[in-house]
Q: 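Dropping a structure here in structure tokens format, bear with me for questions.
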Amino acid sequence: QLHRSIARQIAHRLSETPGSYFDDYRSLLKDAFHVNRFYLRPGSGVIYYQQYDIAPYSTGIPEFYFPRVNLIFVQYVEKLRTSHKNFESS
């Protein structure tokens, strides 16, 4: 669900700037995804990928914004918290 939301954001960006992401970005989204690559901003969460992961260097660091009230992002953060707690207790 998270990757679908990111793919929709990329499709919108590609309609405005063709060539700004690699042609196989859909498969790269999953392959290059890293659970610790996110940060919080006032009112939103941001998931990002490194340069060259899913787009050419000229695109910069791809960032995808999710309002904090967005259930997809809330579920993602909760999953991270659970994983982190499980790791600390082992």
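Only a predicted model underlies this, so the values are computations on that prediction, with no experimental measurement involved. Position 1 is the first residue of the sequence, and the numbers go up from there.
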Q: List for me each residue that meets salt bridge (charged side-chain N to carboxylate O under 4.0 Å, His left out) alongside Arg37, sequence neighbours excluded, and say none if there are none.
A: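 Here the qualifying residues are Asp53.
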Q: To the nearest 0.5 Å, tell me how far Ser27 OG sits from His3 NE2.
A: 11.0 Å
Q: Do Ile47 and Ile6 touch side chain to side chain, with heavy atoms closer than 4.5 Å?
A: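 Ile47 reaches Ile6 side chain to side chain.
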Q: Given 3.5 Å as the limit, does a donor-acceptor pair link the side chain of Thr17 with the main chain of Leu14, or not?
A: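 Pair absent, no side-chain N/O of Thr17 close to backbone of Leu14.
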Q: Any link between Ile61 and Val46 through a network of hydrophobic side chains (Ile, Leu, Val, Met, Phe, Trp, Tyr) touching at under 4.5 Å?
A: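 Yes, Ile61 connects to Val46 through the hydrophobic network.
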Q: Relative to the ring of Tyr21, is the ring of Phe64 parallel (under 30°), tilted (30 to 60°) or perpendicular (over 60°)?
A: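 Answer is tilted, since the angle falls between 30° and 60°.
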Q: side-chain hydrogen bond (donor to acceptor under 3.5 Å, both in side chains) with Tyr49: which residues, sequence neighbours excluded?
A: none
Q: Once you round to the nearest 0.5 Å, how far does CG of Leu29 lie from CZ of Phe22?
A: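 It comes to 12.0 Å.
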Q: Which pair of non-hydrogen atoms, one from Leu40 and one from Gly45, has the smallest distance, and what is that distance?
A: CD2-CA, 4.1 Å
Q: Mark yes when over 12 heavy atoms from residues, nucleotides or ligands other than Asp24 sit less than 6.0 Å from its CG; otherwise mark no.
A: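 Yes, because the 6.0 Å sphere around CG of Asp24 holds more than 12 heavy atoms from other groups.
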Q: Can you find a pair of side-chain heavy atoms, one from Tyr48 and one from Phe38, that are under 4.5 Å apart?
A: no
Q: Just by distance, with hydrogens left out, do Tyr65 and Glu63 show a side-chain donor and acceptor under 3.5 Å apart?
A: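 The criterion, which ignores hydrogens and geometry beyond distance, is satisfied for Glu63 and Tyr65.
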Q: Do Gln9 and Phe66 touch side chain to side chain, with heavy atoms closer than 4.5 Å?
A: yes
Q: Looking only at heavy atoms, which two atoms of Pro56 and Ser20 are closest? And how far apart?
A: CD-O, 3.4 Å
Q: Do Val35 and Leu2 sit in the same hydrophobic cluster, where Ile, Leu, Val, Met, Phe, Trp and Tyr count as joined when their side-chain heavy atoms come under 4.5 Å apart?
A: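 Yes; tracing contacts between hydrophobic side chains, which count when under 4.5 Å, links both residues.
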Q: Could you give the distance from CG (Asp31) to NE2 (His34), rounded to the nearest 0.5 Å?
A: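 Spacing of CG (Asp31) from NE2 (His34) equals 13.5 Å.
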Q: Given 3.5 Å as the limit, does a donor-acceptor pair link the side chain of Ser15 with the main chain of His12, or not?
A: yes
